[in-house]
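Here's the structure, in structure tokens; my notes come after.
Note that the structure is a prediction, hence the values are computed from the model and not measured.
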Amino acid sequence: TLFRISEHVNRAGAKQILIGESLQLQPVGAGGVFKKLSENFTCAPVTEINRQKEHWQREMVENFALGKSDVAMQSLYDNGKIVIAKTHNGRMNALVRDYLADPKPVTEKFAIAMTNNDVEALNFRIRGHLIKEGKLDPLKSCQVKCSDGFTRDFALGDRLVFTKAQKSDDAQRGKLLNSETATVVAINRWLSGKPSALKIRTDDGKEHYLNVNSEHNIKHGYAITTHKSQGGTKDNTYILPSSTMNNLHTSYVALSRHRE
């Protein structure tokens with residue numbers, strides 16, 4: 001905990017520097033210490049935004065940071081970045097259409113939704129289209145038991161996201177981080193043809209193996225929740241709004257993950 005770290009720092013006579021973003025999503029459980037510290041002590045703010053390439057987008061993100069959500073949303077609308085549909089299903093269809101039409105590689109784009117149910121629905125629809133287009137082959141797939149109690153099919157080329165940190169099943173077991181995303185690059189099989197392991201490549205280029213006979217903290221990773229997107233950066237992002245997108249922290253994080 002921060003308290004225990006501070007105790008060690010004080011005993012060593014060292015200097016502790018905290019760097020963070022108090023406007024991003026707050027801890028689900030006990031926490032929020034950094035936010036409280038930033039509210040009660042003088043901080044050195046970072047005012048320059050470098051992630052977004054276009055000036056108007058940097059201004060939009062800054063307006064969210066300043067609490068001017070109405071100005072930020074108007075800017076998105078004026079620049080054609082908001083699609084209006086009559087129903088939630090219509091919004092979902094529009095997002096899937098735009099995501100699939102985007103020529104960016106899957107490693108440089110993701111869809112963001114506010115709830116786990118919407119994430120599952122988006123992943124289901126996106127994978128359905130990819131299978132229909134022949135970009136995913138159900139015959140080149142295997143089933144993996146996931147830690148949320150579901151068994152999912154993962155095909156060659158599929159995207160996945162880790163829902164909790166875990167170890168890989170390599171000879172020298174590597175650490176796979178919570179929210180880390182990866183692509184299935186091979187499915188190893190026994191001589192009988194039965195699958196034995198998924199070979200995955202994380203977005204930093206490292207390759208690992210996951211034993212398909214073990215349970216893993218993974219889900220499909222075309223769409224992820226806002227919490228999972230925090231800290232991530234992609235060229236393009238697609239956000240599915242819902243009634244739970246009702247606070248500054250959620251909007252700020254979801255609408256600031258993109259470069260382009």
Pairs where residues 161-171 contributes a residue and the test side chain to side chain donor-acceptor pair (under 3.5 Å) is met, not counting sequence neighbours: Q166-H216, S168-D170, D170-H208

Straight-line distance of I218 CD1 to I200 CD1, nearest 0.5 Å: 7.5 Å

D203 side chain to T181 side chain, donor-acceptor N/O pair below 3.5 angstrom: yes

Atom pair NZ (K219) and OG (S147), whose distance is rounded to the nearest 0.5 Å: 8.0 Å

N-O pairing of K53 and E260 below 4.0 Å: yes

Polar contact flag, side-chain donor to acceptor under 3.5 angstrom, T202-D204: yes

Side chain to side chain, V144 and T151, heavy atoms closer than 4.5 Å: no

D78 side chain to Q74 side chain, donor-acceptor N/O pair below 3.5 angstrom: yes

cation_pi(K109, Y238) dist<6.0 Å, angle<=45: no

Pairwise side-chain contact, N211 with S196, heavy-atom cut-off 4.5 Å (strictly under): no

SB check E120 R152 (cutoff 4.0 Å): yes

Minimum heavy-atom distance G157-T183, with the two atoms named: O-CG2, 3.8 Å

H55 side chain to E59 side chain, donor-acceptor N/O pair below 3.5 angstrom: yes

CZ/R11: more than 12 non-hydrogen atoms of other groups inside 6.0 Å: yes

Evaluation steps, side-chain contact (heavy atoms from CB on, under 4.5 Å), between Y77 and I84: CA-CA 10 Å; Y77 180 79; I84 297 175; 4.0 Å; yes

Carboxylate-amine/guanidinium contact K135 D158, below 4.0 Å: no

Approximate separation, where rounding is to 0.5 Å, of I224 CD1 and S229 OG: 5.0 Å

Heavy-atom check, side chain of F64 versus side chain of M73, under 4.5 Å: yes

Least distance between heavy atoms, Q16 atom then L18 atom: NE2-CD2, 3.8 Å

For D153 against Q143, the heavy-atom pair lying closest together: OD1-CG, 2.9 Å

Minimal non-hydrogen separation, H129 against V96, with atom names: CD2-CG1, 3.7 Å

Note, P138 side chain near I131 side chain (heavy atom, < 4.5 Å): yes

Pairwise distance CG(L122) to OH(Y222) - rounded to 0.5 angstrom: 13.0 Å

Salt bridge D118-R91, side-chain N to carboxylate O under 4.0 Å: no

Minimum-distance pair of heavy atoms, taken over all atoms of V184 and A155: CB-O, 3.5 Å

Side-chain H-bond candidate by donor/acceptor type, N178 with K228, under 3.5 Å: yes

CZ on R51 to NZ on K234, rounded to 0.5 Å: 11.5 Å

Residue list, side chain to side chain contact (heavy atoms under 4.5 Å, CB included) with I49, at least two apart or on another chain: Q52, R58, V61, E62

Residues E207, R201; criterion salt bridge (Lys or Arg N to Asp or Glu O under 4.0 Å); working and verdict: CA-CA 4 Å; E207 295 186 344; R201 181 181 296 125; 2.6 Å; yes

